[in-house]
Amino acid sequence: MTEARDVRMGMYGHSNQVAHHAIYMYDAAGQPWKAQARVREALGRLYTGSAIGQGYHGDEDNGEQSAWYLFSALGFYPLVMGGGEYAVGSPLFKKATVHLENGADLVIRAPRNSARNVYVQGLRVDGRPWKSTSLPHSLLAKGAVLDFDMGPRPSSWGGGKGAAPVSITEDDEVPTPRTDVLAGEGPLFDDTSATGTGVSGAVDLPVGAAEKAVQYTLTSAKQADAPTAWTLQGSPDGTTWTDLDRRTGESFRWDRQTRAFSIPRPASYRHYRLAFDGRAAVTEVELLS
């Protein structure tokens, strides 16, 4: 068992997992050369030593320290988890090959790479010039060849308009995360899965005003009693209902599991309800606008 240690570069504490994305935020800020330099510094300084307690600069929880090293050594990192793309950094080796489970290879080549040449001067993907500092997972998962041109000084590559990784906001916009608009009382709307009730037929979802819902969540009670089929409906007047999302053959793998469902064509309605097929047990419902 190795002891945890806090190794820092200035005020950057890489031993804390939530800091692992910080260096790659330079890509999002339009200054990817700073990400390239800091990535190589972290790879060179923070994963050193062979004695007990060295080599890993913090708790190796679920392999996250190793994962950061492997991704960064290849030259990219999943900055937005689940976002479907990777932020470009600075590859550590002159050549690396990843053998994918589909039989294809992902090849990363950087022939001019060195301890001095840490800055990306250009990137080609399968022979085509690539100007963005993000790489789609869908492209890499099929197998690809990434050719990095490396140099000793920062370049303008990746700093142009539209080159940054995906973001939920643009420029200085304030994020507006989705919020639960259900304002009723009772075990289904009290923001805890500790309470619940049996449901059947149509269950009204109390909204305080007309809302344009884009998602909703259901939390199961016992896995065996979870709902398997239902329809989300919306109405302008509480009389005429429109089917917004129909689900059949659904399952919940665990007790008190929360699952999110997207509404294909959102519109503004004053009334919402969930019509369940048969009886089920639910502990929480959210309607996200």
Side-chain angles (χ1 to χ4, degrees), residues 5-49 54-100 105-123 125 130 132-137 139-141 144-152 154-155 157-159 163-166:
R5 63 195 183 105
D6 187 9
V7 180
R8 294 176 178 266
M9 299 186 318
M11 292 301 293
Y12 174 67
H14 192 75
S15 60
N16 188 352
Q17 296 94 313
V18 297
H20 283 183
H21 72 285
I23 288 177
Y24 287 94
M25 289 299 291
Y26 283 119
D27 281 3
Q31 298 177 316
W33 58 90
K34 293 183 179 179
Q36 296 154 23
R38 300 297 180 267
V39 164
R40 292 292 286 271
E41 185 178 2
L43 290 171
R45 290 181 55 191
L46 304 186
Y47 288 84
T48 59
Q54 296 180 331
Y56 288 117
H57 42 285
D59 292 332
E60 174 64 343
D61 295 337
N62 299 311
E64 96 288 338
Q65 302 285 4
S66 298
W68 192 95
Y69 183 95
L70 290 173
F71 273 119
S72 296
L74 291 174
F76 51 85
Y77 181 78
L79 175 60
V80 181
M81 299 296 177
E85 65 175 29
Y86 302 91
V88 174
S90 175
L92 183 60
F93 305 109
K94 291 185 177 182
K95 184 178 181 181
T97 302
V98 180
H99 302 299
L100 304 175
D105 285 344
L106 173 62
V107 181
I108 298 94
R109 301 187 299 204
R112 297 180 62 227
N113 203 351
S114 69
R116 184 166 178 262
N117 292 347
V118 303
Y119 295 103
V120 178
Q121 310 297 301
L123 172 62
V125 178
W130 195 267
S132 173
T133 56
S134 66
L135 293 162
H137 174 79
L139 185 153
L140 302 188
V145 177
L146 310 182
D147 286 303
F148 285 88
D149 180 20
M150 308 298 292
S155 75
W157 178 85
V166 67

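Hydrogens, waters and symmetry mates are skipped; everything else that's a heavy atom, side chains included, is used. Sequence positions, counted from 1, serve as the residue numbers for this chain.
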Please name the pair of heavy atoms, one in [X] and one in [Y], separated by the smallest distance, quoted to 0.1 Å.
X      : Y      : value
Pro32  : Thr133 : CB-CG2, 3.8 Å
Asp27  : Ala87  : OD2-CB, 3.6 Å
Tyr69  : Leu92  : OH-CD2, 3.5 Å
Ala163 : Ser132 : O-OG, 3.1 Å
Gly122 : Trp157 : CA-CD1, 3.8 Å
Ser134 : Val88  : N-CG2, 4.2 Å

(request) Check whether the side chains of Tyr24 and Ser72 place a donor and an acceptor atom closer than 3.5 Å, and report yes or no. (result)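 Looking only at side-chain atoms, Ser72 and Tyr24 do form a donor-acceptor pair, the distance falling under 3.5 Å.
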(message) Can you confirm whether the side chains of Asn117 and Arg40 place a donor and an acceptor under 3.5 Å from each other?
(response)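 Note: Asn117 and Arg40 side chains miss the donor-acceptor criterion.
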Any [X] side-chain heavy atom under 4.5 Å of [Y] side chain:
X      : Y      : answer
Val120 : Trp33  : no
Gln36  : Val118 : no
Arg38  : Tyr26  : yes
Tyr47  : Trp68  : yes

Ignoring hydrogens and angles, tell me if any N or O in the side chain of [X] forms a donor-acceptor pair with the backbone of [Y] under 3.5 Å.
X      : Y      : value
His20  : His14  : yes
Arg112 : Met150 : yes
Asn113 : Phe93  : yes
Tyr119 : Lys34  : no
Gln121 : Asp149 : no

(request) List the steps and the verdict of side-chain contact (heavy atoms from CB on, under 4.5 Å) for Val145 and Arg109. (result) CA-CA 8 Å; Val145 177; Arg109 301 187 299 204; 3.4 Å; yes
(message) Parallel, tilted or perpendicular, judged at 30° and 60°: which one describes the rings of Tyr77 and Phe71?
(response)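 Perpendicular: the ring planes of Tyr77 and Phe71 meet at over 60°.
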(request) Test side-chain contact (heavy atoms from CB on, under 4.5 Å) on Val39 and Phe76 and set out the steps. (result) CA-CA 10 Å; Val39 164; Phe76 51 85; over 6 Å; no
(message) Checking side-chain contact (heavy atoms from CB on, under 4.5 Å) between Leu146 and each of Val125, Val107, Leu74, which is the one that passes?
(response)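 Of all the options given, the one that passes is Val125.
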(request) Rounded to the nearest 0.5 Å, what's the gap from CG on Leu100 to CG on Leu106? Could you check? (result)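 The distance works out to 6.0 Å.
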(request) Starting at CG of Leu135, measure out to OH of Tyr86 and round the result to the nearest 0.5 Å. (result)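 Leu135 atom CG to Tyr86 atom OH measures 9.5 Å (nearest 0.5 Å).
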